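The shown structure was predicted, so the numbers you read here are calculated from the model rather than taken from an experiment. Each chain gets a letter, A, B and so on, in the order its sequence line appears, and its residues count up from 1.
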Number of protein chains: 2
Amino acid sequence: MYEQLRLDNQLCFRIYTASRLLTQAYRPLLEPLGLTYPQYLVMMVLWEKDNQLVGDICQRLRLDTNTLTPMLQRMEKEGLVIRTRGIADGRQTLVSLTRKGHHLEEQAKEVPSCLTRGMQDTGVGPEDLQRLAATLDTLTGILETKKEGQH
Amino acid sequence: MYEQLRLDNQLCFRIYTASRLLTQAYRPLLEPLGLTYPQYLVMMVLWEKDNQLVGDICQRLRLDTNTLTPMLQRMEKEGLVIRTRGIADGRQTLVSLTRKGHHLEEQAKEVPSCLTRGMQDTGVGPEDLQRLAATLDTLTGILETKKEGQH
DNA sequence: TATATTTGCATCGTGTACGATATAATTCAA
DNA sequence: TTGAATTATATCGTACACGATGCAAATATA
């Protein structure tokens, strides 16, 4: 029995579990909007700035096109976005919000507070979350750098 | 533009990204062992204690049978585990390591250190990781409690 | 003890993730 | 300028996740 292989010693398992449970916590809030959690992320990117290329969204969410293209196709079928091919560069695909997609922001703006409200009086204070975010940013930065180095 | 909908303000997005990047970081280390990251988690559970029920593994990893059953079936096909139905209780399925599955622990024991080594001299110290783990545990605990309350 | 309920696991359908490959448009180079 | 490399997306195959449903074994209840 190797101590380093104990599940309880695995940071990655904690992050993996927290990620899944958080996504599950979002589900009942996003279901009324007809969004999955990854789709909600795409919407946030587009609400910040409309008319972005697939590649822009990829970069922002750190996802590849093989994940995003099918997702954007489903979102287009749902009438949330429109995909337009070849404007300046014929290879690019521009993703734009539909009116429906725009309007969804009004309903979505309540979602984040629903979750942070649930964090109150739980032993996890705002400063803990702040520190958590900072450490995760550093960690992600490191992992991205290592990833670059592979190519 | 609602401030609370900015991607940069989303803790969940950070965790989601960190989780994916960490899993990606494990991939090249686990590929030689013929394991995916979730399968590696199952193996860790079984290395800690062999001969566990599907339900035990579910509870430990906080995954449901609809995820684990197909995964265990794949692992059985790979010759890592054996699934035995109905010992005391005919509904249960006992999951046991094969000799091959047991032997894999020897190779796997190097995996964790490969990753922690990569964390050295990066600005993220052991105490940061410790605190990160603690906060995630609390967070996960809260999310689990909320989840219970839904039933 | 016959029936209803619960339990443990399996199956199904949909939606991500992601490596590998394909394809068409653009750019580079000889 | 034409063929080679590059780039931006798309497609394909496999493996999770997870809600919903199915099913047989065990348990509870009348």
Side-chain angles (χ1 to χ4, degrees), chain A residues 13 16-28 30-31 34-42 52-59 61-78 80-81 83-95 143 147 150-151, chain B residues 13 16-28 30-31 34-42 52-59 61-78 80-81 83-95 143 147 150-151:
Chain A
F13 173 58
Y16 162 79
T17 302
S19 176
R20 284 194 310 106
L21 292 181
L22 265 173
T23 303
Q24 287 174 31
Y26 269 99
R27 200 180 309 276
L30 293 178
E31 199 172 34
L35 292 174
T36 65
Y37 181 70
Q39 289 173 6
Y40 172 63
L41 293 178
V42 171
Q52 295 200 56
L53 300 176
V54 171
D56 297 333
I57 305 175
C58 284
Q59 224 176 5
L61 299 181
R62 300 174 213 275
L63 285 167
D64 209 341
T65 57
N66 52 8
T67 297
L68 272 172
T69 296
M71 187 155 67
L72 290 168
Q73 286 168 347
R74 282 186 290 269
M75 293 172 76
E76 185 171 39
K77 208 184 291 180
E78 293 298 320
L80 298 171
V81 300
R83 300 183 317 135
T84 323
R85 193 90 202 228
I87 313 89
D89 188 326
R91 295 166 297 182
Q92 307 183 128
T93 296
L94 190 69
V95 183
L143 292 170
K147 202 175 153 189
Q150 309 232 335
H151 304 288
Chain B
F13 173 58
Y16 163 79
T17 302
S19 175
R20 284 195 308 106
L21 292 182
L22 264 174
T23 303
Q24 287 175 31
Y26 269 99
R27 199 181 310 275
L30 293 178
E31 198 171 34
L35 292 175
T36 66
Y37 181 71
Q39 288 173 8
Y40 172 62
L41 293 178
V42 170
Q52 296 201 56
L53 300 176
V54 171
D56 297 333
I57 305 175
C58 283
Q59 224 177 6
L61 299 181
R62 301 174 213 273
L63 285 166
D64 209 342
T65 57
N66 52 8
T67 297
L68 271 171
T69 296
M71 187 155 65
L72 291 168
Q73 286 168 348
R74 283 185 290 269
M75 293 172 74
E76 186 171 39
K77 206 182 296 180
E78 293 298 320
L80 299 170
V81 300
R83 300 181 317 134
T84 323
R85 193 89 202 228
I87 312 90
D89 187 325
R91 295 165 300 180
Q92 307 183 131
T93 297
L94 190 70
V95 183
L143 292 169
K147 202 173 154 189
Q150 310 232 336
H151 305 289

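- Relative orientation of the B/Y26 and B/Y40 rings is tilted, given thresholds of 30° and 60° on the angle between their planes.
- B/R62 places no side-chain N or O within donor-acceptor distance of the main-chain N or O of A/R20, the cut-off being under 3.5 Å.
- As a whole-Å value, the separation of A/R20 CZ from D/dC16 P is 13 Å.
- The two residues B/Y16 and A/S19 make their nearest non-hydrogen contact at CA-OG, 3.6 Å.
- Of the inter-residue distances, the one linking A/L63 atom CG with A/L41 atom CG reads 8.0 Å to the nearest 0.5 angstrom.
- Protein atom CD1 of A/I57 is 10 Å distant from nucleotide atom P of D/dA10, rounded to whole Å.
- The footprint of chain A on DNA chain C, defined by a heavy-atom cutoff below 4.0 Å, extends from C/dG15 to C/dT26.
- Rounding to whole angstrom units, CG of residue A/D56 and P of D/dT7 are separated by 16 Å.
- Rounded to a whole Å, the CD atom of A/Q92 is 11 Å from the P atom of D/dA10.
- Look at CZ on B/R91: it is 6 Å from P on D/dT27, rounded to the nearest Å.
- Axis angle between the ends of the helix from C/dT1-D/dA30 to C/dA30-D/dT1, five pairs each and rounded to 10 degrees, works out to 0°.
- Checking the phosphate oxygens (OP1, OP2) of D/dA17, a side-chain nitrogen or oxygen of A/Y16 falls inside 4.0 Å.
- If you take OH of B/Y26 and C1' of D/dC16, they are 18 Å apart, rounded to a whole angstrom.
- Between B/T93 and B/R83, the shortest heavy-atom contact is CG2-CB, 3.8 Å.
- If you check every strand for non-hydrogen atoms under 4.0 Å, B/R85 touches sugar and phosphate atoms only.
- When all heavy atoms are compared, the tightest approach of B/Q39 to B/G34 is OE1-O, 3.9 Å.
- Both A/Q24 and A/L53 sit near DNA chain D, but only A/L53 has its closest nucleotide nearer the 5' end.
- Out of D/dA24, D/dA17, D/dA10, the shortest distance to the side chain of A/V54 is found at D/dA10.
- Contact annotation: A/Q73 does not reach the phosphate of D/dT9 (side-chain N/O to OP1 or OP2, under 4.0 Å).
- Between B/V54 and B/L68, the shortest heavy-atom contact is O-CD1, 4.5 Å.
- A donor-acceptor pair under 3.5 Å is absent between the side-chain atoms of A/Y37 and the main chain of A/Q24, judged by distance alone.
- Contact detail for A/A18 and B/L143: the closest heavy-atom pair is O-CD1, 4.3 Å.
- Here A/D89 contributes atom CG and A/R85 contributes atom CZ; the two are 9.0 Å apart, rounded to the nearest 0.5 Å.
- Note that CG of B/L61 and OG1 of B/T67 are 10.5 Å apart. Values are rounded to the nearest 0.5 Å.
- In terms of position along DNA chain C, the nucleotide closest to A/P38 lies nearer the 5' end than the nucleotide closest to the other residue of the pair A/D89 and A/P38.
- At a non-hydrogen distance threshold of 4.0 Å, A/T65, A/N66, A/T69 from residues 62-72 of chain A come into contact with DNA chain D.
- The neighbour count for A/Q73 CD, taken as heavy atoms of other residues, nucleotides or ligands under 6.0 Å away, is above 12.
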